[in-house]
Chemist: 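Here's a structure for you.
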Amino acid sequence: MAAPDQTHGAVTVQGFTVVPLKFSADKPAHCLYLKAHSVREKDSAYPQYRTLFVLNVPPYCNEDCVKQLFTPCGKIAQVYLHDKPTLTALPSTGSRYFPINITTPGFKVAYIVFKNASAVKQACKLSYDSPLVLNTPEKIVSSTGLHKWCQQYSKRRVDIKELQTEIEDYMAKFDAKQEEEKQRLKDQEGVADEEGWVTVTRVGKNKGTPRTEARKKHLTKREMKRRKEKELLNFYAFQFKETKKDQIAALRKKFEEDKQKISVMKAARKFKPY
């Protein structure tokens, strides 16, 4: 790692401004690494020049804590916390019981979107000699200790009515989406595109058959049976002659075996034909 650079009280390491963070004034410091977010692929959730990228965010810092720490730099529009850096904001359903993205406990990365670009520059000028303090007598953090455990316990308890409401909302959206897709396919039925191709859908009278493994095995078995029934045996004359020869040879062999058995029985005086 390159040696830290210090300019006007701010310490930078490989382009990141190092800012000490203390949970309280009597606790040891923990370093945050921040810089202006700048990538080639743009995303509306992370507007250029107004987004601050922060690494090494401790587990006890949630969105409210991050806002509390960086609000002195400028008004904050949105805070995103992720397990690792992302090019775009992760989608969220806002559902308590059926979330799309589940975060794991531990250190996070933060994307802080300010309302003004000057706030990002102000944050990058924070002094290393003036640590940020999260828990102060004026602003007490309630996301740690016993209060945090009580919140986790309450969050794990299932509210039946709330769960039922979420399920009904999800099914209503799902049914609406299915109906919209069905209508779209129905509108495309028999309509040619610019090149003259017609899209074949399953909305018509013949809805087709499901493409399942059981259905595939059934079709294969039925096809083999059909081929076996239509198979032509002894189609050629030489095949018919060869079959007759084999049958005669088998009969002669059986006749000779029977003659030997009769001879043995006669010798043993056990042969009584009448």
Side-chain angles (χ1 to χ4, degrees), residues 1-5 10-24 27-117 119-126 128 131-135 141-145 147-149 151-153 155-156 166 170:
M1 182 178 292
D5 298 329
V11 176
T12 59
V13 176
Q14 293 186 350
F16 286 88
T17 301
V18 183
V19 179
L21 169 63
K22 290 185 177 182
F23 178 77
S24 58
K27 299 295 182 180
H30 170 86
C31 290
L32 300 177
Y33 301 89
L34 49 96
K35 71 174 182 178
H37 177 67
S38 178
V39 293
R40 294 182 180 178
E41 298 182 9
K42 309 301 179 182
D43 185 76
S44 58
Y46 303 151
Q48 192 175 12
Y49 308 120
R50 293 196 296 114
T51 304
L52 183 69
F53 177 52
V54 185
L55 288 174
N56 213 29
V57 180
Y60 55 78
C61 277
N62 53 22
E63 287 84 353
D64 295 334
C65 294
V66 174
K67 287 182 179 180
Q68 176 183 332
L69 292 172
F70 290 92
T71 296
C73 298
K75 293 184 178 180
I76 296 176
Q78 187 67 43
V79 174
Y80 301 95
L81 288 177
H82 303 309
D83 293 337
K84 57 183 180 180
T86 60
L87 295 177
T88 59
L90 299 178
S92 175
T93 57
S95 172
R96 173 184 172 186
Y97 300 102
F98 306 103
I100 297 179
N101 301 300
I102 301 177
T103 59
T104 57
F107 288 86
K108 301 286 190 297
V109 297
Y111 293 88
I112 307 173
V113 181
F114 290 95
K115 293 187 177 181
N116 298 316
V120 177
K121 297 180 180 179
Q122 186 66 26
C124 293
K125 293 180 181 179
L126 290 174
Y128 183 84
L132 301 176
V133 181
L134 183 61
N135 191 31
V141 178
S142 60
S143 60
T144 59
H147 186 76
K148 177 181 178 181
W149 297 336
Q151 285 182 341
Q152 291 178 349
Y153 175 76
K155 189 176 181 181
R156 290 172 182 171
E166 286 199 14
Y170 175 83

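All figures in this text were calculated on a predicted structure; none of them were measured in a lab.
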Chemist: Between Phe53 and Lys35, is there a cation-pi geometry (under 6.0 Å to ring centre, at most 45° from the normal)?
Modeler: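 Ring-cation test returns no.
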Chemist: Could you tell me how the ring of His82 sits relative to the ring of Tyr111: parallel (under 30°), tilted (30 to 60°) or perpendicular (over 60°)?
Modeler: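 It falls in the tilted class, 30° to 60°.
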Chemist: Going by the side chain to side chain contact (heavy atoms under 4.5 Å, CB included) test, name the single residue among Ile112, Thr12, Thr17 that passes it with Leu34.
Modeler: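 Among the candidates, only Thr17 passes.
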Chemist: With heavy-atom distances below 4.5 Å as the criterion, would you say the side chains of Phe107 and Leu55 are in contact?
Modeler: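 Result no, sub-4.5 Å side-chain heavy-atom pair not found.
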Chemist: Say you draw a straight line from CZ of Phe16 to SG of Cys31; how long is it, rounded to the nearest 0.5 Å?
Modeler: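 It comes to 13.5 Å.
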Chemist: Rounded to the nearest 0.5 Å, what's the gap from CG on Asn62 to CD on Gln68? Could you check?
Modeler: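 Atom-to-atom, Asn62:CG and Gln68:CD are 9.5 Å apart.
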Chemist: Can you see which heavy atom on Gly106 is nearest to which on Lys108, and at what distance?
Modeler: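 That closest heavy-atom pairing would be O-NZ, 3.1 Å.
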Chemist: Taking the side chain as every heavy atom from C-beta outward, state whether Phe70 and Val19 have any atom pair closer than 4.5 Å.
Modeler: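 SC-SC contact between Phe70 and Val19 ruled out.
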Chemist: Under 3.5 Å, which donor-acceptor pairs do the side chains of residues 71-79 form with other protein atoms, sequence neighbours left out?
Modeler:
residue, atom, partner, partner atom, Å
Thr71, OG1, Lys67, O, 2.3

Chemist: Measure across Tyr128 and Val11 and return the closest heavy-atom pair with its distance rounded to 0.1 Å.
Modeler: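 Smallest heavy-atom distance, with atoms named: CB-CG2, 3.4 Å.
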Chemist: If you define the side chain from C-beta out and look only at heavy atoms, does anything of Tyr60 sit under 4.5 Å from Leu134?
Modeler: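 Heavy-atom side-chain distance check passes, below 4.5 Å.
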Chemist: Where is the tightest heavy-atom contact between Leu81 and Cys61, given as atom of each residue plus distance?
Modeler: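 For Leu81 and Cys61, the tightest heavy-atom pair comes out as CD1-O, 3.7 Å.
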Chemist: How close do His30 and Asn56 get, heavy atom to heavy atom, and via which atoms?
Modeler: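 In this case the closest contact between His30 and Asn56 is NE2-O, 2.8 Å.
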Chemist: Any chance NZ of Lys121 has more than 12 other-residue heavy atoms, nucleotides or ligands included, within less than 6.0 Å?
Modeler: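 No, NZ of Lys121 has 12 or fewer neighbouring heavy atoms, counting only those of other groups under 6.0 Å.
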Chemist: Take Val113 and His37, measure what side chain to side chain contact (heavy atoms under 4.5 Å, CB included) needs, and give me the verdict at the end.
Modeler: CA-CA 10 Å; Val113 181; His37 177 67; over 6 Å; no
Chemist: Taking all atoms of both residues into account, what is the closest heavy-atom pair of Val57 and Leu32, and its distance?
Modeler: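 Result for this residue pair: CA-CD2, 4.0 Å.
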Chemist: What closest approach, in Å, do Tyr80 and Tyr46 show between heavy atoms, and which atom pair accounts for it?
Modeler: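 The answer is CD1-CE2, 3.6 Å.
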